[in-house]
Protein chains: 2
Amino acid sequence: MTIAAIQKLFREKRLKVTPQRCAIYNMMIHTQSHPTAEEIISHVKQALPMISLNTVYYTLNVFETAGLIMSINNTHTRYDTNLEPHHHLICVSCRKIEDVFDDALNQLHLSQKSDFEIRGYRVEFYGHCLNCQKPGTSIRRNKRLAITHL
Amino acid sequence: MTIAAIQKLFREKRLKVTPQRCAIYNMMIHTQSHPTAEEIISHVKQALPMISLNTVYYTLNVFETAGLIMSINNTHTRYDTNLEPHHHLICVSCRKIEDVFDDALNQLHLSQKSDFEIRGYRVEFYGHCLNCQKPGTSIRRNKRLAITHL
DNA sequence: GCAGTAAATAGTAATTATTACTAAATTGAG
DNA sequence: CTCAATTTAGTAATAATTACTATTTACTGC
């Protein structure tokens, strides 16, 4: 993907075209890793030494809102005493977590071989809990759990 | 589960029986939510006002290591430009993330109905990447990605 | 091309979850 | 009951992320 194509993409998404945004997006599509904000800034600083971490976070949020990227994270570690195999329903609005018991989900496997020595997996369903479905009841704006890719 | 049963459980796991541990575990098995450390301490403080957040984290770590609980979290938000439906392989040692493309995983659904309005889901496989499988190569001790339940 | 406006940037500071360190207290083994 | 090892709780440190804000920049309509 060329710089011109990136600019075109931004315009289509009604995002202002800035050198910082181009550099960040360009770096991200040319890496196979899933970079953190720190990793992004350390690469982008080679071209734009003055860029701030703040701008990186702001830009990533803009990209995610625009549906250009997704983020992989939950803050707040939550602890669960239930050790039966099960998975989770997570409310993207209030962060409430409910258990899901579903035999089919407990028997997933990869169809291809992988270099990883896999020890387990988790399935997390994202959505709105009963309470947060009522209009105006959204307890918490939560950028980080945005699920624009889903 | 009674307090006596909790004490018996701790002894079986060779954990010292302390009022703090009993209170924390007792609170956790009597809630359907997946509490955060903050939520745990605010409940437990009613019985043990002097308890410190430090002790809560230490105790949760002890419980997780003993296989009594599991934690749900990743720190460090990672960003991904690939918006094709896909899932992730996460190395619990060095935190490296790889993409998984597997049609079967893209068609999961819940067998029961739920109150949640589900918008999407993620599958995360945990294990050791090729590099971290070599003995002595474990880059980072990482308590938080412990996967004792898997 | 240019002026005006709204948004973006890059600082600095604040916040928040978690971890580190440590002296004093407590638990369990003998 | 004694003693050693662990646990506790306090203070401080860390680290990721967000808030605030003055200045700069990019796009819109002329």
Answer yes or no: is there a donor N or O on one side and an acceptor on the other, between the side chain of A/Tyr121 and the main chain of B/Val123, under 3.5 Å? no

What integer distance in Å separates B/Lys45:NZ from D/dT8:C1'? 14 Å

Once you round it to whole Å, what is the distance between P of D/dA16 and CD of A/Glu38? 6 Å

Return the value, rounded to whole Å, for the distance between atom CD1 of B/Ile40 and atom P of C/dA17. 13 Å

Whole-Å distance, A/Leu60 CG to D/dA16 P, equals 15 Å

Among the nucleotides D/dT8, C/dT9, C/dA8, whichever has the atom closest to the side chain of A/Thr55 is C/dT9

For the residue pair B/His86 / B/Asp102, report whether a side-chain donor-acceptor contact shorter than 3.5 Å exists. no

Hey, does A/Leu53 reach any base, or is it just sugar-phosphate, or nothing, if we go heavy atoms under 4.0 Å? base

Does a side-chain N or O from A/Thr59 land closer than 4.0 Å to OP1 or OP2 of C/dT9, or not? yes

How are the rings of B/Tyr25 and B/Phe63 set relative to one another: parallel (under 30°), tilted (30 to 60°) or perpendicular (over 60°)? perpendicular

Side chain of B/Arg21 only, heavy atoms from C-beta on: which candidate in D/dT17, C/dT18, D/dT8 is closest? D/dT8

Could you run through nucleotides 20-30 of chain D and give me one letter per nucleotide, 5' to 3': B if any protein heavy atom sits under 4.0 Å from the base, S if only the sugar-phosphate is that close, - if neither? B-----BS---

Take the protein atom CZ of B/Phe63 and the nucleotide atom P of D/dT7, then report the distance between them rounded to whole Å. 11 Å

Is the phosphate of C/dT26, meaning OP1 or OP2, less than 4.0 Å from a side-chain N or O of B/Gln20? no

Which is more 5' along DNA chain C, the nucleotide nearest A/Ser52 or the one nearest B/Ala37? Just name the residue. A/Ser52

Cluster question for you: counting only ILVMFWY and a side-chain heavy-atom cut-off of under 4.5 Å, with indirect links fine, are B/Phe125 and B/Phe101 together? no

Taking only residues two or more places apart in sequence or in another chain, which ones pass salt bridge (charged side-chain N to carboxylate O under 4.0 Å, His left out) with B/Lys8? B/Glu12

Using the side-chain heavy atoms of A/Tyr58, tell me which of these nucleotides is nearest: D/dA9, C/dT9, C/dA10. C/dT9

Between B/Tyr57 and C/dT19, is there a contact of a side-chain N or O with OP1 or OP2 at under 4.0 Å? no

Check against side-chain hydrogen bond (donor to acceptor under 3.5 Å, both in side chains), A/His88 and A/Asp99: CA-CA 5 Å; A/His88 293 101; A/Asp99 288 330; 3.3 Å; yes

Distance check needed: C/dT16 P versus B/Ile41 CD1, whole Å only. 16 Å

Are the side chain of A/Gln107 and the backbone N or O of A/Ala104 linked by a donor-acceptor pair below 3.5 Å? no

Would you mind reading off the distance between B/Asn61 atom CG and D/dT7 atom C1', rounded to a whole angstrom? 13 Å

Using whole Å, what does the distance between atom P of nucleotide D/dT8 and atom CD1 of B/Ile51 come to? 7 Å

